[in-house]
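All values below were derived from every heavy atom in this structure, side-chain atoms included, with hydrogens, water molecules and symmetry-related copies excluded. Fair warning: this is a prediction, and the values are worked out from it, not measured in the lab. Below, read A as the first sequence line, B as the second, and so on, with proteins coming before strands; counting in each chain starts at 1.
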2 protein chains.
Amino acid sequence: MSKPDISNAEFDVLDVLWERNPASASDVVQTLSSHKEWHEKTIKTLLGRLVKKGVISFEKQQRQYLYYPLIEREDYTAQETESFVGKLFKGKITPLVAGFATQKTLSKDDVNELKALIAQWEEDND
Amino acid sequence: MSKPDISNAEFDVLDVLWERNPASASDVVQTLSSHKEWHEKTIKTLLGRLVKKGVISFEKQQRQYLYYPLIEREDYTAQETESFVGKLFKGKITPLVAGFATQKTLSKDDVNELKALIAQWEEDND
DNA sequence: CATTTAAGATTACATTTGTAATCGTTCTTT
DNA sequence: AAAGAACGATTACAAATGTAATCTTAAATG
């Protein structure tokens, strides 16, 4: 029932399916080949594990399978973000942004986007 | 050299040492007892693993050890944040904040803090 | 002083993860 | 039709992780 832990390697495979849905195993292999050094067998294993975990599913297309995600990227991202922010910043985003700002340099564009975001928030809430 | 992966369980132990530095094993056990169901032995194991990983160290205090972290929470947090934001938000904080804002409700205070942060940034950079 | 106790060290063991190789079957291709 | 290629299923195996129990030794206690 609860969040089926998705490992790092599994995430990379799932990520491909979020981009290209549905996709055959070889589609995934192709896509990942550009930035990962994984053997085809490894990717097949990861697909299988994701299926077993109920994170993705597939439909038989003749002999191949067409895989597709069962969870939305937005949902996954939201959950991960919540637990991350909870774990490292006591649930507050401001210190996260603050730390990020001193660490990685924010661009003027980034700041403008944040301002727009806040402006939007203020418009909505009040 | 590289970031010595700190597991979730290990993190909770390290977190105690960031709060209470230095601390004996039993101090850590005591502190964690309030929110974790861990056996004392388990915590000792985790302390040992952190030492082996070079994340913490200790000084012999008679028979007990006094443990202390070797890495700063801020540094760890900064690194984790960078990889997290890189993995889920292509390195951009704005979408993280945006997603967080729609998911968890931001309080007026949160927004004010963010505004202050941005104002500060603008003052510094320009 | 003898014994119980408590600290850290060592060992244990199932599960998860990374990373494949092998197996059993079907499509292909000759 | 025979042989090879390609697909998913099954099996492999070491390292990491969660979660302790046992061992060794020294300190505390009767």
OP1 or OP2 of C:dG18 under 4.0 Å from side-chain N/O of A:Trp38: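 False: A:Trp38 side-chain N/O out of range (4.0 Å or more) of C:dG18 OP1/OP2.
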
Do the side-chain N or O atoms of B:Tyr67 get closer than 4.0 angstrom to the phosphate oxygens (OP1, OP2) of C:dA7?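 No, B:Tyr67 has no side-chain N/O under 4.0 Å of OP1/OP2 on C:dA7.
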
Checking only heavy atoms, does the side chain of B:Lys41 share a donor-acceptor pair with the base of D:dT22 at less than 3.5 Å?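 For B:Lys41, whose side chain was compared with the base of D:dT22, there is a donor-acceptor pair (under 3.5 Å).
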
Side chain of B:Thr45, base of D:dA20: donor and acceptor closer than 3.5 Å?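 Per atom types, the contact qualifies.
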
Nucleotide nearest [X] (side chain, heavy atoms from C-beta), chosen from [options]:
X	options	value
A:Glu10	C:dG8, D:dG8, C:dT17	C:dT17
A:Leu46	D:dG8, C:dT26, C:dT19	C:dT19
B:Ala25	D:dG8, C:dG8, D:dG18	C:dG8

Where each residue is assigned the nucleotide of DNA chain C containing its nearest heavy atom, which of A:Gln62 and A:His39 is assigned the position nearer the 5′ end?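 Its nearest nucleotide being more 5', the pick is A:His39.
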
Need to verify one output field. Residue with the more 5' nearest nucleotide on DNA chain C, A:Ile6 or A:Thr42?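 Whichever sits nearer the 5' end wins; that is A:Ile6.
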
Can you confirm whether the side chains of A:Asp75 and A:Gln79 place a donor and an acceptor under 3.5 Å from each other?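 No, A:Gln79 and A:Asp75 have no side-chain donor paired with an acceptor closer than 3.5 Å.
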
Which part of the nucleic acid does B:Lys53 contact within heavy-atom distance under 4.0 Å: base, sugar-phosphate only, or nothing?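 Sugar-phosphate, no base atom in range.
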
Could you tell me whether B:Ser7 contacts a base, only the sugar-phosphate backbone, or nothing, with contacts defined as non-hydrogen atoms closer than 4.0 Å?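 Touches sugar-phosphate only.
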
Determine the interplanar angle of the A:Tyr65 and A:Phe58 rings, folded into 0 to 90°, and report it as parallel if under 30°, tilted if 30 to 60°, perpendicular if over 60°.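 Ring orientation, 0 to 90° scale: parallel.
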
Parallel, tilted or perpendicular for A:Phe84 and B:Phe84, by the 30°/60° rule?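 A:Phe84 vs B:Phe84 ring planes: parallel.
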
Residue closer to the 5' end of DNA chain D, A:Gln64 versus A:Arg49 (nearest nucleotide):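 Nearest-nucleotide comparison on DNA chain D picks A:Gln64.
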
Here's a test of your reading of the structure: between B:Asn8 and A:Phe58, which maps to the more 5' nucleotide of DNA chain D?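 Result: A:Phe58.
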
Kindly work out whether a path of hydrophobic side-chain contacts (I/L/V/M/F/W/Y, heavy atoms less than 4.5 Å apart) joins A:Leu17 to A:Tyr68.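 Cluster IDs for A:Leu17 and A:Tyr68 differ.
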
